[in-house]
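What follows is a set of notes on a single structure, which appears directly below.
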Amino acid sequence: MKNLAMHWKILIGMVLGLLFGLLMKNLEQNGFVVDWIKPFGTIFINLLKMIAVPLIVVSLIVGLADLKDISKLSKLGSRTVLFYLCSTVVAVTIGLVLANLIKPGRYINDESRKSLIENFSVDASQKIELAVKAKNSGPLQPLIDIVPDNFFKALSDNGSMLQVIFFVILIGIGLILIEEKKSKPVVDFFKGLNDVIMKIIDIIMLFSPYGVFALMASLMVEIPDFSTLGALGIYGLTVLLGLFIMAFIFYPTLLMIFAKVNPIKFFKAIAPAQLLAFSTSSSAATLPVTMECVTDNLGVDEEVSSFVLPLGATVNMDGTSLYQAVAAIFIAQAMLPEALDLQTQLMIVVTATLASIGSAAVPSAGMVMLVIVLGQAGIPEAGLALIFAIDRPLDMCRTVVNVTSDSTIATIVAKSVGKLKTPQGF
Ligand code: ASP
């Protein structure tokens with residue numbers, strides 16, 4: 001096991017975890033897994049989240065200070081935002097086209113619709129309540145939310161990453177603008193701290209095969225039985241097909257055209273991050289590993305990765321937006337087909353793009369924001385109960401696409417500003 005590449009170790013941990021969970025489920029030992037195995041998965045996710053905010057702060061300060069010029073920052077920022085926005089619109093469009101062609105809603109008969117709504121309406125209404133809170137604020141609330149009234153409060157909350165990024169960018173700009181004699185000691189301090197944090201991530205990653213084992217085993221005993229969910233199969237496959245097109249056709253094409261990077265090498269480089277995204281369903285928890293893979297294995301300069309990736313983890317969610325488009329159309333087809341005119345579909349492009357930007361990078365956040373997409377399009381929100389049962393596996397897959405998208409765009413932006421080195425060993 002010692003010389004095996006990290007992604008193989010994680011993959012073995014995942015497969016063994018799945019098998020172990022399945023075995024325990026069959027032996028009716030769910031309680032054992034929940035009490036004695038699941039906590040190690042939770043500890044692993046906590047370790048990753050624990051290091052995420054310090055990593056963003058320190059690496060972003062070091063990255064920005066290295067830019068030495070504010071015009072470079074605005075170039076980097078505008079390219080990043082442009083690519084993030086375009087890739088999200090492409091994702092929603094692919095989702096809409098597939099859902100209209102395949103029409104997954106047709107496969108839901110009256111009986112399965114009734115039983116799904118009956119079984120999952122309580123769970124769904126909890127998500128709807130959460131979404132109502134988000135919706136009740138004014139249109140400019142997301143802008144207000146970026147500016148913290150207290151930086152230390154923002155630091156203490158993993159959900160306030162944009163606020164942290166905002167303040168740290170100001171520190172970076174301050175460091176660029178003051179005399180080098182004064183900024184150098186500060187930057188040197190953060191450079192040292194950055195190395196320490198990178199080492200801590202290496203240490204946490206030693207635990208990753210065991211962490212994903214625990215996560216997969218507990219997932220197996222906790223998700224509903226798939227055999228009763230046949231009617232949702234076509235819907236699930238439509239989402240998966242869309243995610244597949246994004247991951248294996250769209251991003252590789254972008255990489256080849258804009259960054260001249262071989263997609264196979266790219267996938268090999270970011271495999272540990274993708275596997276962790278799959279096991280944790282959270283791009284925020286995966287962020288430290290994504291940063292390490294993109295910087296060390298792909299050769300993206302830290303100046304770029306430290307800015308593009310944390311921003312991407314919070315606002316760029318192609319997998320989530322694609323899923324929201326398919327899910328909205330699926331629910332409409334199953335419950336209110338007449339709601340689906342062209343205008344509504346165009347509205348879904350806009351709202352799903354915005355909703356994915358507003359989704360937190362944590363498990364099932366995309367589903368909460370889907371409520372807003374449904375509400376705006378006049379599709380019954382109670383339809384959320386239809387898709388609840390298979391949300392978790394789809395969440396795992398869309399998180400992989402979210403992380404792949406961030407890594408792709410970091411590589412392309414780095415290439416465009418001459419900051420893509422040829423990495424060693426790849
Ligand atoms: N779990 C996703 C992420 O963290 C968000 C979502 O689609 O629910 O990227």
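- Across all non-hydrogen atoms, the minimal contact from D406 to A313 is OD2-N, 3.4 Å.
- S282 places a side-chain N or O within donor-acceptor distance of the main-chain N or O of A285, the cut-off being under 3.5 Å.
- A donor-acceptor pair under 3.5 Å is formed between the side chain of N402 and the backbone N or O of G319.
- Listed for the K103 side chain is a donor-acceptor partner under 3.5 Å among the backbone atoms of N100.
- Here Y251 contributes atom OH and F267 contributes atom CZ; the two are 10.0 Å apart, rounded to the nearest 0.5 Å.
- Residues satisfying the ring-ring contact (aromatic ring centres under 6.0 Å, His included) test with Y84, not counting sequence neighbours, are none.
- In this structure, CG on L162 lies 10.5 Å from CG on L143, to the nearest 0.5 angstrom.
- Taking CG of L384 as the start and CE of M367 as the end, the distance is 4.0 Å to the nearest 0.5 Å.
- No donor-acceptor pair under 3.5 Å is formed between the side chain of E303 and the backbone N or O of G63.
- Sorted by first and then second residue, the side-chain hydrogen bond (donor to acceptor under 3.5 Å, both in side chains) pairs with a member in residues 170-187 read K184-D188; sequence neighbours excluded.
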Would you be so kind as to tabulate the donor-acceptor pairs closer than 3.5 Å made by side chains of residues 198-209, with sequence neighbours excluded?
{"unit_1": "S208", "atom_1": "OG", "unit_2": "M205", "atom_2": "O", "d": "2.6"}

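- The pair D391-R398 meets the salt-bridge criterion, since a charged nitrogen lies less than 4.0 angstrom from a carboxylate oxygen.
- For Y210 and F44, the distance between ring centers is not under 6.0 angstrom.
- Note that OG1 of T411 and NZ of K260 are 13.5 Å apart. Values are rounded to the nearest 0.5 Å.
- Side-chain atoms of R106 do not come within 3.5 Å of backbone N or O of Q333 as any donor-acceptor pair.
- Without hydrogens or angle criteria, T344 side chain to L340 main chain gives no donor-acceptor distance under 3.5 Å.
- With hydrogens and angles left out, the side-chain atoms of N194 and S59 include no donor and acceptor closer than 3.5 Å.
- A salt bridge links D66 and K191; the closest N-O separation between the charged side-chain nitrogens and carboxylate oxygens is under 4.0 Å.
- If you take CG on L276 and CE on M14, they are separated by 9.0 Å, rounding to the nearest 0.5 Å.
- The backbone N or O of A277 sits nowhere less than 3.5 Å from a side-chain atom of S281 that would complete a donor-acceptor pair.
- With ring centers used as reference points, F258 lies under 6.0 Å from F83.
- Inter-residue side-chain proximity for I409 and N316 is flagged as met; some heavy-atom pair is nearer than 4.5 Å.
- The CG atom of L237 lies 12.5 Å from the CZ atom of F244; values are rounded to the nearest 0.5 Å.
- Every side chain to side chain contact (heavy atoms under 4.5 Å, CB included) that I70 has, sequence neighbours left out, goes to I173, I176, L177.
- A donor-acceptor pair is defined here as one N or O able to donate and one able to accept, closer than 3.5 Å; no such pair exists between the side chain of D301 and the backbone of V304.
- Judged by distance alone, the side chains of S356 and Q324 never bring a donor and an acceptor atom under 3.5 Å apart.
- Here the side chains of R392 and L219 are in contact, with some heavy-atom distance below 4.5 Å.
- No side-chain N or O of Y323 forms a donor-acceptor pair with one of D318 less than 3.5 Å apart.
- Using a 4.0 Å cut-off between charged side-chain N and carboxylate O, E222 and K38 make a salt bridge.
- Applying the side chain to side chain contact (heavy atoms under 4.5 Å, CB included) test to P39 and every residue at least two apart in sequence or in another chain returns nothing.
- At a cut-off of 3.5 Å, with distance as the only test, a side-chain donor of T295 or S305 sits close to an acceptor on the other residue.
- Identified under the side-chain hydrogen bond (donor to acceptor under 3.5 Å, both in side chains) test for residues 40-52, with sequence neighbours left out: none.
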